[in-house]
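Throughout, a chain's letter reflects where its sequence line sits, starting with A, and its residues are numbered from 1.
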Number of protein chains: 2
Amino acid sequence: MTATGRESVGPARIVDVAREAGVSPMTVSNVVNDRSGVSEGTRARVLAAIEETGYRPNRAAVQLRTRRSRQLGLHVSRRHLSVGQPFPIVFLGELIDAAERADHQLVVFTHPLGEEGSGAGPATSGMDGFVLFIVDPSDPRPRAIADAGLPFAVFGRTPPSLPQAWVDIDNAAAMADVVDHLLDRGHRRFGYVGYGEPEYWHRDRLRGAQERLAEHGIEIPERWLVRTSLEAARASISLDLLGSDRPDAVICGSDSLAALVLAEARRAGLTPGVDIAITGFDALPLPQAEAPTLTSVAMPLTAAADAVVRLVISQIEGRPAPAQGEFLPTHLRVGDST
Amino acid sequence: MTATGRESVGPARIVDVAREAGVSPMTVSNVVNDRSGVSEGTRARVLAAIEETGYRPNRAAVQLRTRRSRQLGLHVSRRHLSVGQPFPIVFLGELIDAAERADHQLVVFTHPLGEEGSGAGPATSGMDGFVLFIVDPSDPRPRAIADAGLPFAVFGRTPPSLPQAWVDIDNAAAMADVVDHLLDRGHRRFGYVGYGEPEYWHRDRLRGAQERLAEHGIEIPERWLVRTSLEAARASISLDLLGSDRPDAVICGSDSLAALVLAEARRAGLTPGVDIAITGFDALPLPQAEAPTLTSVAMPLTAAADAVVRLVISQIEGRPAPAQGEFLPTHLRVGDST
DNA sequence: TTGAAAGCGCTAACAC
DNA sequence: GTGTTAGCGCTTTCAA
């Protein structure tokens with residue numbers, strides 16, 4: 001604590017550090033921002049002064065001067081902020097970490113974007129760019145953000161008319177892996193339980209399974225092809241898939257559905273992994289799917305979060321939006337259910 | 001588009017609006033910030049100019065000048081960012097909305113706070129204050145935030161040595177309501193299924209039920225008192241609570257537990273709401289608890305989010321931290337399960 | 001390698 | 001009721 005002037009009157013500013021180190025504010029700035037052209041001795045003195053004063057750059061001042069907030073907006077649909085949505089909460093955590101690794105903060109929004117009124121919403125101001133997840137090409141939000149003049153990146157797919165700033169998994173390829181695994185295990189009679197909803201990933205998952213099976217001359221018979229909702233699934237499952245005429249293997253479009261099939265199979269007296277193979281999709285640590293562990297497609301969550309964050313930041317820094325999206329590899333987690 | 005000078009070179013600034021309206025920047029500022037002392041005519045001209053230019057205040061400049069970011073940090077424990085945690089995702093949505101109503105943005109953090117190293121973390125800079133949820137008195141995070149010189153408010157309880165900036169429900173009182181309802185329905189033989197974890201709310205819920213029952217000379221017998229975890233619950237439930245010697249009513253410490261009891265009761269051939277009464281706690285729209293609807297204690301989520309946000313902001317604006325916390329009323333949602 | 005001057009866009013304090 | 005001046009804390013530009 002050297003009494004160099006105005007100590008302890010609010011947080012230390014760059015001039016306080018400069019005075020303490022006997023250099024100019026500019027030099028302190030150069031050290032703080034790791035710019036070259038500072039001699040080792042000076043750098044050391046400045047770092048000591050920073051330590052001494054507890055200096056932390058004032059974000060507002062930096063932001064005003066550089067025109068960058070180093071904050072990314074994350075828009076989460078109302079619909080994804082409800083119970084029983086395993087993905088959003090997990091991916092949110094990944095995005096926070098990914099943003100932090102890239103030295104950015106994540107600001108969350110949920111006010112409708114691109115629907116009925118709402119512009120970019122006055123509340124979204126100050127963001128350098130936006131991140132979205134669970135986005136399909138009909139999602140109005142990318143357009144709304146683009147119209148506000150902000151860069152964005154999504155986990156999912158963007159509309160064709162916008163920059164293809166997306167990261168996604170190849171759902172069809174992932175299901176092909178599942179099929180390969182099940183064929184390996186000797187299964188030849190396949191059932192499928194998926195969602196009836198219109199999003200492309202539901203279609204792609206089913207298609208991926210069907211196409212790989214077709215390559216082996218196998219078809220999923222209509223009676224074992226269930227397109228349903230989580231609520232309605234239970235009934236059709238036991239009726240269509242677990243009767244006396246049943247498949248060797250049931251491929252499911254999500255872990256939640258697989259958990260239902262598992263439960264129903266057990267109730268029907270079948271041992272999953274022995275009497276019948278069951279696979280899921282997502283491989284999030286869903287409590288119901290714990291024992292036996294479910295064979296499932298693991299999403300590359302950390303890699304996806306990093307990629308999405310990198311993608312916005314790259315545009316923020318002026319590099320052009322990519323001409324094409326990026327597919328991230330999935331990993332088949334083999335459990336006891338197959 | 002009047003060519004008054006430097007149009008369309010970046011976003012409009014306050015001087016552009018001032019020029020357009022023929023007033024000084026200060027007057028524009030007064031209009032934007034709803035300060036008194038602007039004549040109606042001037043205000044109208046300024047508003048027109050704002051519309052015309054598409055002016056939006058620069059957050060960084062405002063922040064630098066006023067020393068307020070109008071951003072609240074929300075710290076979410078890693079542990080609460082995982083599947084099977086219904087509360088965090090729902091409450092996050094409520095907090096975003098509450099912050100927006102109070103004209104603030106919500107910045108999410110998950111980097112450890114107050115544990116092993118980590119200070120307030122360089123990444124938390126720029127926040128006016130912090131919000132936390134699911135906090136019990138042993139949580140190290142309030143201390144870490146207070147040490148960083150920031151105001152905070154929590155949903156839960158703060159340690160006794162810190163400002164009592166908390167909002168909570170009265171768990172015991174809520175359970176007393178549940179008991180009253182069940183007594184009303186004529187039940188006299190009670191079982192209880194709760195979590196064995198050490199957090200005060202688990203204890204308070206059980207205690208609240210026991211105390212109100214005691215007022216009526218009723219005790220929960222040891223054999224019908226199950227303290228367990230979500231994973232281990234299933235076994236003890238059917239064994240202890242649903243055999244031939246079973247209670248009229250089972251009070252559960254959470255909806256997830258109640259959903260399990262419901263499922264097991266059905267499996268045992270009992271009709272919930274007829275043969276046995278079952279109550280939950282939380283009343284989040286948990287998919288498993290849909291049919292029949294569960295009688296459960298509804299948390300005042302929106303009110304709690306508003307209260308927590310108000311509580312931080314009040315301290316940010318210099319009003320002293322409250323001497324005591326605030327209890328919010330719960331509401332008993334009566335469903336078909338009782 | 002270092003420093004001085006200027007200014008990012010806004011508002012507090014005070015003058016008119 | 002409205003305008004002027006100054007400055008929040010930092011970095012960009014240019015000079016030494």
Those residues at least two apart in sequence (or on a different chain) that pass ring-ring contact (aromatic ring centres under 6.0 Å, His included) with A:Tyr55 are none

For A:Ala153 and A:Val308, the nearest pair of non-hydrogen atoms, with its separation, is CB-O, 3.5 Å

So, is B:Arg67 close to the D:dG9 phosphate, meaning a side-chain N or O under 4.0 Å from OP1 or OP2?
-> yes

Considering only C:dG3, D:dG3, C:dT11, which nucleotide approaches the side chain of B:Val62 most closely?
-> C:dT11

Closer to the 5' end of DNA chain D via nearest nucleotide, is it B:Val38 or B:Leu64?
-> B:Val38

Atom CZ of A:Arg59 to atom C1' of C:dC8: distance rounded to whole Å?
-> 17 Å

Take atom CZ of A:Arg68 and atom P of D:dG9, then tell me their distance rounded to the nearest Å.
-> 23 Å

Can you say whether the rings of A:Phe327 and A:Trp166 are parallel (under 30°), tilted (30 to 60°) or perpendicular (over 60°)?
-> perpendicular

For nucleotides 12-16 of chain D, which of its nitrogen or oxygen atoms have a protein nitrogen or oxygen under 3.5 Å away, and what is each distance?
none

Report the relative orientation of the aromatic rings in B:Phe87 and B:Phe155; use parallel for angles under 30°, tilted for 30 to 60°, perpendicular for over 60°.
-> parallel

Starting at atom CD1 of B:Ile14, determine the distance to atom C1' of D:dG3, rounded to an integer number of angstrom.
-> 13 Å

Atom CG of A:Asn33 and atom P of C:dT1 are separated, to the nearest Å, by 18 Å

What is the distance, rounded to the nearest whole Å, between atom CG of A:Asp34 and atom P of D:dT11?
-> 13 Å

Whole-Å gap separating C1' (C:dG9) and CD (A:Gln63) | 11 Å

Salt bridge or not for A:Arg310 and A:Asp306, using N-O below 4.0 Å?
-> no

Within a radius of less than 6.0 Å around CD of A:Glu51, do more than 12 heavy atoms belonging to other residues, nucleotides or ligands occur?
-> no

Atom CD1 of A:Ile50 and atom P of D:dC10 are separated, to the nearest Å, by 11 Å

Under a 4.0 Å N-O cut-off, is there an ion pair linking A:Arg68 with A:Asp128?
-> yes

For B:Asn58 and C:dC8, is the shortest distance between a side-chain N/O and OP1 or OP2 below 4.0 Å?
-> no

Does a side-chain N or O from B:Thr27 land closer than 4.0 Å to OP1 or OP2 of D:dG1, or not?
-> no

Ignoring backbone atoms, test whether B:Thr42 places a side-chain nitrogen or oxygen under 4.0 Å from the OP1 or OP2 oxygen of D:dG1.
-> no

Grab the CZ-P distance between B:Arg13 and C:dG9 for me, whole Å please.
-> 6 Å

